[in-house]
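Here is the structure we will look at, set down as structure tokens.
To find a chain, count down the sequence lines: A is the first, B the second, and so on, and within it residues start at 1. This structure is a prediction, so every number in the text was calculated from the model and none was measured.
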Protein chains: 2
Amino acid sequence: MSKAEILIIDDEPQIRKLLEINLESNGYKVWQAATGKEGVIMAANHPPELILLDIGLPDKSGHEILKELRAWYNKSIIILSVQSSETDIISALDNGATDYLTKPFRTGELLARIRSCIRRNNSDEDKSSCFTSGDLNIDFVARTVKKNNTIIKLTSTEFNLLSLFVRNEGRVLTHQFILKEIWGVGYQTESQYLRVFVAQLRKKIEENPNQPQLIITESGVGYRFT
Amino acid sequence: MSKAEILIIDDEPQIRKLLEINLESNGYKVWQAATGKEGVIMAANHPPELILLDIGLPDKSGHEILKELRAWYNKSIIILSVQSSETDIISALDNGATDYLTKPFRTGELLARIRSCIRRNNSDEDKSSCFTSGDLNIDFVARTVKKNNTIIKLTSTEFNLLSLFVRNEGRVLTHQFILKEIWGVGYQTESQYLRVFVAQLRKKIEENPNQPQLIITESGVGYRFT
DNA sequence: ATTGTTTGTAAATATAATATAAATAAATAA
DNA sequence: TTATTTATTTATATTATATTTACAAACAAT
């Protein structure tokens, strides 16, 4: 199997160097861009398996670059950001970022996230009318959910919410984003709805609702389905 | 047996090419249309065994084309779409889509779905004479229904409704879809008809009409026959 | 520890959807 | 035509689901 290619878009040379060393020593082929503009061109000419994008680029263009990339690039984009900018992170996730890491980051964690994203790229090309993972099976057309081959009865809203999670497996979905998708614009502040329905879903699909394995809480940000 | 013919309606040349290569190498005869208009004309001139329809067409929306096709075309239509919302899927099902695939899809998955649809097309014609499940037996030609080998008298509408359920065993049929199929376009809002007839059917075919085992209610969506 | 903030959960209430009987209208057959 | 069946409409009971409330638990910051 050939090396997976990763594109780094970051203006700080030290960070690029640090990433380069770590990634190359773990068998990845690394491309680098110091500006957003350069990064978009490189990605277009030679689409990488994954993009690491610094959201705090000097010309404040990180968000713009993300949107530009997401117009056509459908593999994973991991956002790098400083700790302070939580609103930046949320806005990036709303615009289609796959995951995020706050600087300074442990390289172990970075590598784990990258592995997980790349695995997903390869294994999960089929976002089709059926989804199976472990003992959970969802048929979007028949609108059925099965756990251990027995049908679980979900209400319409519960099913819609689960579908949204499953179709975005591995991605962090912000509260706002979920509320907008399921309840519509105007409900973005009703986080309590979400909590109630997440609890109900967990009760129905998790092995142990107290220690959820499928619907993971990303505190302060949203939820992630794995 | 001659090659099954498949019509692709998609504006993206790359997708058409990809599908063409995969389908032809699997023994299908492939026709292509780049616009919805063109697709409808091709389908009319030479009805294929199955249609692959991109729901995100530029000229008319795919939903319009789907409606136009379903006015007369009664074989399988598989919808292709980029990741889309629950309401899109529901709307496609309302308008008679057979199945649904989200891009990007694994070709293995696509081929499996196509085989299943074509099998269904053929077996529908073959064994359309009767259906048996548990102690219920339906003869579509004689238009008779038996429960425990004794004939049950159904009115024409009741029989049509039951046939529709049986032919779509296991999948949710939306209110809209059922109303359109049984009463025709223009009756899609008359949900009360449906409730009355479902109650009557249950009274006639269910062991215990208060706890239906055959015609299951999917609140807010429709009904499912199991 | 203390406080504030976020998240989880059960239960109460409100709202919406569905079921059913029964009345009327329409269609069909004798 | 009248009798009979079937479809549609109306009215109301019943059930399912969504929303709100209240409070507990987890967590972070001071």
**Report entry** Length of the CG-P vector between A:Leu179 and D:dT19, whole Å
**Finding:** 11 Å
Query raised in the report: Sub-3.5 Å donor-acceptor pair from the side chain of A:Asp10 to the main-chain atoms of A:Glu12, do we have one?
Result: yes
Query - Verdict with supporting geometry, A:Glu158 and A:Lys204, salt bridge (charged side-chain N to carboxylate O under 4.0 Å, His left out) - result: CA-CA 10 Å; A:Glu158 284 163 4; A:Lys204 291 188 179 181; 2.8 Å; yes
Query raised in the report: What parts of residues 214-226 of chain B reach DNA chain C, counting only heavy atoms under 4.0 Å away?
Result: B:Thr217, B:Glu218, B:Ser219, B:Gly220, B:Tyr223
Query raised in the report: Can B:Lys147 and B:Asp135 be counted as an ion pair, charged N to O under 4.0 angstrom?
Result: no
Query raised in the report: Quick one: do A:Arg143 and B:Glu218 make a salt bridge, cutoff under 4.0 Å?
Result: no
Query raised in the report: Is the phosphate of C:dA19, meaning OP1 or OP2, less than 4.0 Å from a side-chain N or O of B:Arg195?
Result: no
Report task. Figure out the CG/C1' separation between A:Leu201 and C:dA10, and round it to whole Å. Result -> 17 Å
Query raised in the report: Between atom CD in B:Gln200 and atom P in D:dT6, what is the gap in whole Å?
Result: 10 Å
**Report entry** d(CD, A:Glu158; P, C:dT9) in whole Å
**Finding:** 14 Å
Requested in this report: Find the distance B:Glu190:CD to C:dT18:P and express it as a whole number of Å.
Outcome: 15 Å
Query raised in the report: Would you say C:dA21 has OP1 or OP2 under 4.0 Å from some side-chain N or O of B:Lys203?
Result: yes
Report task. Indicate, yes or no, whether a donor-acceptor pair under 3.5 Å links the base of D:dT10 to the side chain of B:Gln192. Result -> yes
Query raised in the report: B:Thr157 side chain N/O closer than 4.0 Å to the phosphate oxygens (OP1, OP2) of D:dT6?
Result: no
Query - Options C:dA19, C:dT9, D:dT9, nucleotide nearest the side-chain atoms of B:Ala199 - result: C:dA19
Query raised in the report: OP1 or OP2 of C:dT6 sitting under 4.0 Å from any side-chain N/O of A:His175?
Result: no
Query raised in the report: Expressed in angstrom and rounded to an integer, what is the separation of A:Leu154 atom CG from D:dA18 atom C1'?
Result: 15 Å
**Report entry** Short N-O contact, B:Arg224 and B:Glu169, less than 4.0 angstrom
**Finding:** no
Report summary line: The reported gap from CD1 in B:Ile178 to CG in B:Asn160 (rounded to nearest 0.5 angstrom) is 13.0 Å
Query - Base paired to D:dA28 (Watson-Crick or G-U; both N/O distances under 3.5 angstrom) - result: C:dT3
Report summary line: Separation of C:dT7 atom C1' from A:Asn210 atom CG, nearest Å, is 14 Å
Query raised in the report: At under 4.0 Å, does any side-chain N or O of A:Trp183 touch on OP1 or OP2 of D:dA18?
Result: no
**Report entry** side-chain N/O B:Lys153 vs D:dT4 OP1/OP2, d < 4.0 Å
**Finding:** no
Report task. Look at B:Ser191 and C:dT18 and indicate whether a side-chain polar atom (N or O) is within less than 4.0 Å of OP1 or OP2. Result -> no
Query - Distance, nearest 0.5 Å, that separates CG of A:Asp99 from CG of A:Leu52 - result: 10.5 Å
Query raised in the report: Contact class for B:Val198 vs. all strands (heavy atom < 4.0 Å): base, sugar-phosphate, or nothing?
Result: nothing
Requested in this report: Determine: side-chain N/O of B:Tyr193 to OP1/OP2 of D:dT9, distance under 4.0 Å, yes or no.
Outcome: yes
Requested in this report: Given side-chain hydrogen bond (donor to acceptor under 3.5 Å, both in side chains), test A:Glu20 with A:Gln32 step by step and report yes or no.
Outcome: CA-CA 8 Å; A:Glu20 184 190 2; A:Gln32 301 183 27; 3.0 Å; yes
Query - Value in whole Å for how far the P atom of C:dT18 lies from CD of B:Gln211 - result: 19 Å
